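This one's a predicted model, so the numbers in the text were calculated from it and none came from an experiment. Counting starts at 1 for both ligands and their atoms, following the listed order. Side chains are part of it too, since the values below use all heavy atoms of this structure and drop only hydrogens, waters and symmetry mates.
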Amino acid sequence: MIVELDKMTVRMKNPDHVRGIISSIKKDGINKLQVISDFDMTLSRFGWNGRRCPTSHNILDNSHVITEEGKKELKDLLHYYYPIEIDPNRTLEEKCPLMVEWWTRAHDLLSQQKILKRDIAQIVKESEVMLRDGFNEFFDQLHKNNVPLFIFSAGVGDILEEIIHQANVFHPNINVVSNYMDFDDYGILRGFKSPLIHTYNKNNSVLNNTEYFQQLSTKTSIILLGDSIGDLTMADGVASVKNILKIGFLNDKVEEHRGKYLESYDIVLERDETLDVVNGILHYIFTET
Ligand SMILES: Nc1ccn([C@@H]2O[C@H](COP(=O)(O)O)[C@@H](O)[C@H]2O)c(=O)n1
Ligand SMILES: [Mg+2]
């Protein structure tokens, strides 16, 4: 029913279950649907031409406003903590305090760099960030059909919003929760606003009284998009979930992570830099039959 599900990049533990959820979402109607998505490495690309694309943090880390010493320190943090973040053999209990440590140290370093609010647009323009192929269709389909898109990111909110703006797809149906920069009266970065969002606390605990989800209490069908095991809890604040389809982008260390991703996500997209499958599913749901 959806040709994109036949792509070589697609893996499903239970294809019949997937087809069942998609049919149920379609049957319940567009008015019941919301999309909850991660940003970095989910809506943005993981790689291009054999090179890693930057996360919203990396965009700042690599930018011209950071001193050479600052760049080195931020890179050292990435090389130390990223393998911990994706290590399938460590428990969440082990990872959480280390993730808080990484984000806190990185945010402290960035806050010492006198980053100006007015430079953000240029920093994003000069970066190598790319949204996944098919992003226009994805954002436009959701907008045209009045489907809310909730972007829940442990990245840097100011940066990811600027990326979406520069791509001309920041439509009114989008709501973002992320780590936002805190600028002083002169527009100089002095810190990050709380709560701190890292890969493994993307749940109710950081959504201020889940007001957003209360407004959307009638949206009982969810399509969840993520690239990390931590993204699986992003819909926990939704009071009544009837149908949930979890789609996971498996970008890195694919063989090592395949088993866990197949257990956790309904659809796993391996080294797929496009939104083709998501667009195909949305197109099927939005098309009247
Ligand atoms: N200092 C840091 C901290 C985290 N990251 C990466 O950001 C990603 C989190 O953002 P999501 O939109 O995916 O929630 C995650 O992939 C971390 O590896 C970083 O690059 N630098
Ligand atoms: Mg991500």
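- A side-chain contact (heavy atoms from CB on, under 4.5 Å) with Ile25 holds for exactly one of Ile21, Ile22, Asp28; it is Ile21.
- Geometrically, ligand 1 and Trp102 share a nitrogen or oxygen pair separated by less than 3.5 Å.
- For Tyr80, the OH atom sits in a loose shell: 12 or fewer heavy atoms of surrounding residues, nucleotides or ligands are nearer than 6.0 Å.
- Taking each heavy atom of Ser240 and Ser217 in turn, the nearest pair found is OG-O, 3.6 Å.
- Considering backbone and side-chain N/O atoms, Trp103 never comes within less than 3.5 Å of an N/O atom of ligand 1.
- Looking at ligand 1, you'll find an N or O of Gly155 within less than 3.5 Å of one of its N or O atoms.
- Close approach of ligand 1 to Ser153 is summarised as follows: ligand atoms under 4.0 Å from at least one heavy atom of the residue are 10 (O), 11 (P), 12 (O), 14 (O).
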- Query: Passes side-chain contact (heavy atoms from CB on, under 4.5 Å), Lys246 versus Ile267? Steps please.
  - Reply: CA-CA 7 Å; Lys246 297 180 179 173; Ile267 300 175; over 6 Å; no

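- Using a 4.0 Å cut-off between heavy atoms, Asp38 contacts ligand 1 through its side chain alone, with no backbone atom that close.
- Restricting Asp227 to its N, O or S atoms, the one at the least distance from the Mg ion (ligand 2) is OD1.
- Residue-ligand proximity, Lys202 to ligand 1, at heavy-atom distances under 4.0 Å covers atoms 11 (P), 14 (O).
- Short contacts between ligand 1 and Phe39, defined as distances under 4.0 Å to a heavy atom of the residue, involve ligand atoms 12 (O).
- Atom 10 (O) of ligand 1 has as its closest protein heavy atom Asp40 OD2, 3.0 Å.
- Cluster membership for Ile66 and Leu116, using ILVMFWY side-chain heavy atoms within less than 4.5 angstrom, is not shared.
- Put simply, the side chain of Val147 reaches to within 4.5 Å of the side chain of Val35, judged on heavy atoms.
- Close N/O approach between Ala106 and ligand 1 is not found [any backbone or side-chain N/O within under 3.5 Å].
- Close approach to Glu85 involves these atoms of ligand 1, each under 4.0 Å from a residue heavy atom: 15 (C), 16 (O), 17 (C), 18 (O).
- Scanning the protein for heavy atoms near atom 6 (C) of ligand 1, the closest one is Thr55 CG2, 4.0 Å.
- Other residues, nucleotides and ligands contribute over 12 non-hydrogen atoms within 6.0 Å of the NE2 atom of His165.
- The N/O atoms of Thr199, backbone and side chain alike, include none that comes under 3.5 Å of an N/O atom in ligand 1.
- The nearest pair of heavy atoms linking Lys202 to Asp231 is NZ-OD1, 2.7 Å.
- Per residue Asp38, closest N, O or S atom to the Mg ion (ligand 2): atom name OD2.
- Tyr200 and Cys96 make their closest contact through CB-SG, 3.7 Å (heavy atoms, listed as atom of the first residue, atom of the second, distance).
- The local environment of CD in Glu94 is crowded, with over 12 non-hydrogen atoms from other residues, nucleotides or ligands closer than 6.0 Å.
- Taking 2.8 Å as the criterion, Asp231 does not count as a coordinating residue of the Mg ion (ligand 2), since none of its N, O or S atoms falls below it.
- Scanning the protein heavy atoms around atom 21 (N) of ligand 1, the nearest turns out to be His57 CB, 3.2 Å.
- In Asp40, the N, O or S atom that comes nearest to the Mg ion (ligand 2) is O.
- You'll find the ring centres of Phe213 and Phe150 inside the 6.0 Å limit.
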